[in-house]
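Please read the structure below before turning to the comments.
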Amino acid sequence: MQRIAVLTSGGDAPGMNAAIRAVVRKAIYHDLEVYGIERGYVGLIEGVFHKMDLGSVADVIQRGGTILHTARSKEFMQPEGRQKALENLRQRGINGLVVIGGDGSFRGALELHKLGFPVIGVPGTIDNDIYGTELTIGFDTAVNTVLEAINRIRDTATSHERTFLVEVMGRNSGWIALEAGLAGGAESILVPEIEPDYNEVVERLKRGIARGKRHSIILVAEGVESAYKVSDEIKTRIGLDTRVTVLGHIQRGGTPTALDRVIASKMGGLAVELLLQGESNLMTGIVGNKMVTVSLEEAVTIKKTLDLEAYNLAGILSI
Ligand code: ADP
């Protein structure tokens with residue numbers, strides 16, 4: 001192993017830069033040459049590689065987004081595209097690749113592994129929806145961004161004695177809604193993993209109003225339903241005046257939290273070590289505050305389950 005490359009792919013996440021920095025610096029520490037590939041698999045196919053040095057990753061640990069940029073590539077979904085990518089890597093004498101991204105990116109990484117190229121995955125997605133790790137890079141920052149929004153919304157909700165619906169990211173996964181809801185004391189949390197029970201939402205609101213509660217916050221993961229539709233459901237059932245806030249892409253940006261920087265640094269460092277050990281087809285993860293690995297196959301095929309205990313607890317605490 002003399003030369004490795006790193007790319008970021010799919011949806012960006014705060015902390016990806018800290019992971020790139022860790023890969024680059026750990027590689028250089030071990031006397032490896034390291035290349036950064038622009039725009040994920042697009043740059044891999046087009047051959048947009050930059051040699052990275054210690055300075056290339058200076059002053060990036062605190063920045064959200066990804067300095068390597070990210071993209072989605074249809075061409076990489078085809079065998080011909082992947083063959084081009086493979087040739088670009090081989091031509092440059094690169095013998096290991098670190099892919100920082102979500103499950104889609106790992107499906108691509110797995111295909112490269114199947115072609116005989118050593119690949120290690122580092123989970124970077126705000127959704128925290130990847131099997132084999134308790135945390136993905138960017139999740140903690142996104143939860144804190146939502147929490148800050150909830151705090152602000154709660155101020156105005158209290159002043160005007162209103163019910164607010166806050167729509168957060170999570171098409172297939174309720175992790176952001178669950179953790180931000182638990183931390184922010186949301187009155188109800190709607191997640192895609194659990195069929196929404198509007199009667200229960202309304203009963204909760206009624207119970208709250210009966211004991212003098214004048215404001216409520218309901219978190220809705222985007223995969224459940226549009227928060228506007230949920231708002232209509234509530235209006236038709238109890239005629240309550242509600243307001244809707246869709247947080248959207250602000251959840252993707254921002255300076256990464258300490259936790260995201262720490263896990264990104266550890267995962268990036270471990271990815272390089274794994275390549276040096278001759279490993280491939282692995283994803284780095286954290287379970288019980290310990291570094292672990294899981295095969296890319298498992299990471300992309302096994303569905304990570306939502307923490308139902310935490311979900312039920314959130315329901316009890318916001319009664
Ligand atoms: P994320 O990594 O955030 O889940 P995507 O699902 O958009 O993002 O995947 C990122 C890229 O990974 C895609 O644009 C595509 O190039 C590649 N990819 C996804 N699925 C596959 C697959 N089954 N085979 C090959 N490449 C894939």
Side-chain angles (χ1 to χ4, degrees), residues 5-17 19-20 23 37-48 64-66 68-89 97-133 135-142 168-176 192 221-223 248-249 251-253 256 260 263-264 267-268 271 280-285 294-304:
V6 56
L7 61 79
T8 50
S9 166
D12 68 324
M16 279 184 160
N17 284 328
I20 297 167
V23 170
I37 299 165
E38 280 274 333
R39 304 175 68 223
Y41 296 129
V42 172
L44 190 56
I45 291 171
E46 291 174 359
V48 192
T66 159
L68 290 175
H69 303 115
T70 182
R72 296 193 158 93
S73 165
K74 282 209 177 110
E75 218 183 330
F76 196 76
M77 309 282 278
Q78 307 304 322
E80 300 77 31
R82 295 197 288 272
Q83 207 54 49
K84 264 197 235 167
L86 194 65
E87 276 159 31
N88 281 332
L89 288 162
L97 175 68
V98 178
V99 171
I100 305 168
D103 63 330
S105 303
F106 293 161
R107 278 196 187 93
L110 182 58
E111 292 302 320
L112 265 186
H113 162 78
K114 286 184 188 159
L115 293 172
F117 198 86
V119 195
I120 302 292
V122 170
T125 163
I126 63 166
D127 292 330
N128 200 31
D129 59 348
I130 298 186
Y131 175 82
T133 185
L135 290 170
T136 58
I137 297 164
F139 171 62
D140 185 61
T141 305
V168 301
M169 281 186 167
R171 253 182 235 128
N172 304 306
S173 152
W175 277 98
I176 293 179
E222 64 182 333
H249 279 79
Q251 295 162 88
R252 283 272 190 88
D260 272 331
I263 67 167
M267 289 192 193
S280 179
N281 186 27
L282 292 177
M283 183 195 84
T284 63
V294 62
S295 74
L296 287 174
E297 274 104 344
E298 285 177 298
V300 300
T301 52
I302 305 177
K303 184 156 170 50
K304 181 177 187 175

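All residue numbers in this chain count up from 1 along the given sequence. For ligands, and for the atoms within them, numbers begin at 1 and follow the listed sequence.
- D12 meets the side chain to side chain donor-acceptor pair (under 3.5 Å) test with R252; sequence neighbours excluded.
- Protein residues lining ligand 1, listed by chain and number: S9, G10, G11, Y41, R72, S73, F76, M77, R82, G102, D103, G104, S105, R107, G108, E111 [non-hydrogen atoms, distance under 4.0 Å].
- Scored by the salt bridge (Lys or Arg N to Asp or Glu O under 4.0 Å) test, K304 finds no partners at all (sequence neighbours excluded).
- Here the closest non-hydrogen pair linking N88 and G47 is ND2-N, 3.5 Å.
- Between L112 and L44, some side-chain heavy-atom pair lies under the 4.5 Å cut-off.
- A search for side chain to side chain donor-acceptor pair (under 3.5 Å) contacts involving S295 returns E298, not counting sequence neighbours.
- The side-chain heavy atoms of I100 and I20, taken from C-beta on, include a pair separated by under 4.5 Å.
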